[in-house]
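The structure under discussion appears below in the form of structure tokens.
Throughout, residue positions are numbered sequentially from 1 according to the sequence presented. These numbers were taken from a predicted model, which means no experiment stands behind them.
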Amino acid sequence: MEIATTLSQTTPAAATSSPVISSDFETFLKMLTAQMQNQDPLNPIDSTDYATQLATFSSVEQQVLTNDLLTNLQAEISAMGLSQLSNWIGMEARTTASAYFDGNPIEFIPSQVIGADSAEVVVTNENGTEVAREAIDLASENGFWDGLDAGGTPVPTGLYSFSVESYANEESLGLLPAEVYTTITEARHDTDGIFLMLEGGSLTTPTQVSGLRQP
């Protein structure tokens, strides 16, 4: 399995905004000159109007430059975070993202509900279809799913999600997502932020990782 760190190649906004602003300013001056040449001699435009137009354009220009600066700064901060997250590659992340089943049991950490007297782990496939449901020990901090469906048949390899349905006096208290341990294979940065790719291709964010451990 190839392990890699990917950083999207993007062109900084500041590299292209300066020529655009320069071009816009030249167009603005041409329009302003044409406005002066074609004004009514008997009712000329007040000089303060020209000053207002110049000030408005200057304000917009400064706002564009400020936005470009903030964009580049955010990209630099994100890149720094990505560099640090590259150290996570190869480690097992504890997260509620889908886990990849390759024939080996998957460890999950059930959610604890106060007042529950029983609980079941519910396993669903990539389509959201329930494939297994097993009773779990509320006193145990973790559990293992061996990859068997409700009929005891091994499920195909792929991504599976885990949740826990708790009960009190045989009445359901609802479903809560369960965490799993799954290997981080890639740290990725794109326009939507920083993501971690997990074994099997599922994605999560650094903020959704509650723990790390060596495999």
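Proximity of Ser210 to Thr95: side-chain heavy atoms (C-beta onward) are nowhere separated by under 4.5 Å. For the pair Arg213 and Met91, the minimum side-chain heavy-atom distance is 4.5 Å or more. At least one side-chain heavy atom of Glu199 sits under 4.5 Å from a side-chain heavy atom of Asp102. Annotation: side chain of Val164 is not in contact with side chain of Leu175 (no heavy-atom distance under 4.5 Å). When side chains are defined from C-beta on, Thr182 does not count as touching Glu92, because their heavy atoms never get closer than 4.5 Å. Counting heavy atoms from C-beta outward, Leu198 and Thr185 have side chains that stay 4.5 Å or more apart. At least one side-chain heavy atom of Asn169 sits under 4.5 Å from a side-chain heavy atom of Asp117. When side chains are defined from C-beta on, Val121 counts as touching Phe108, because their heavy atoms get closer than 4.5 Å.
Taken to the nearest 0.5 Å, the OG atom of Ser202 stands 9.0 Å off from the CD atom of Glu126. Taking CZ of Arg188 as the start and CG of Leu196 as the end, the distance is 10.5 Å to the nearest 0.5 Å. Here the CD-OG1 distance, from Glu179 to Thr96, works out to 6.5 Å after rounding to the nearest 0.5 Å. Distance check: Ser118 OG to Asp137 CG gives 11.5 Å after rounding to the nearest 0.5 Å. Going from atom OG of Ser140 over to atom CD1 of Ile109 covers 10.0 Å, rounded to the nearest 0.5 Å.
Residues Phe101 and Met197 fall into different hydrophobic clusters, defined by Ile, Leu, Val, Met, Phe, Trp and Tyr side chains chained together at heavy-atom separations under 4.5 Å. No chain of hydrophobic side-chain contacts below 4.5 Å, direct or via other Ile, Leu, Val, Met, Phe, Trp or Tyr residues, connects Val180 to Tyr100. A single hydrophobic cluster is seen to contain both Ile194 and Leu212, as judged by linkage of ILVMFWY side chains at heavy-atom distances under 4.5 Å, directly or through other members.
Identified under the ring pair (Phe, Tyr, Trp, His ring centres under 6.0 Å) test for residues 116-143, with sequence neighbours left out: none.
Formation of a donor-acceptor pair under 3.5 Å by the Asn125 side chain with backbone atoms of Asn127 is found in this model.
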For this session: Dump the intermediate steps for side chain to side chain contact (heavy atoms under 4.5 Å, CB included) on Thr204 and Val209, then the final yes or no.
Result: CA-CA 8 Å; Thr204 189; Val209 175; 4.3 Å; yes
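Heavy-atom minimum distance, Gly115 versus Ala168: O-CB, 3.5 Å. The minimum heavy-atom distance between Pro177 and Ser111, with the atom names listed, is O-OG, 2.5 Å.
In this structure, the side-chain hydrogen bond (donor to acceptor under 3.5 Å, both in side chains) partners of Tyr167, at least two apart in sequence or on a different chain, are Glu120, Arg133, Glu165. A search for side-chain hydrogen bond (donor to acceptor under 3.5 Å, both in side chains) contacts involving Thr205 returns Thr207, Gln208, not counting sequence neighbours. Residues that satisfy the side-chain hydrogen bond (donor to acceptor under 3.5 Å, both in side chains) test with Asp146, not counting sequence neighbours, are absent from this structure.
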Please tabulate, for side-chain N and O atoms in residues 148-162, each donor-acceptor pair with protein atoms closer than 3.5 Å (sequence neighbours left out).
unit_1 : atom_1 : unit_2 : atom_2 : d
Asp149 : OD1    : Gly151 : N      : 2.9
Asp149 : OD1    : Gly152 : N      : 3.0
Asp149 : OD1    : Thr153 : N      : 2.8
Tyr160 : OH     : Pro156 : O      : 2.7
Ser161 : OG     : Ser98  : OG     : 2.8

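In the hydrophobic clustering, where aliphatic and aromatic side chains (Ile, Leu, Val, Met, Phe, Trp, Tyr) are joined below 4.5 Å either directly or transitively, Val113 groups with Leu173, Leu176.
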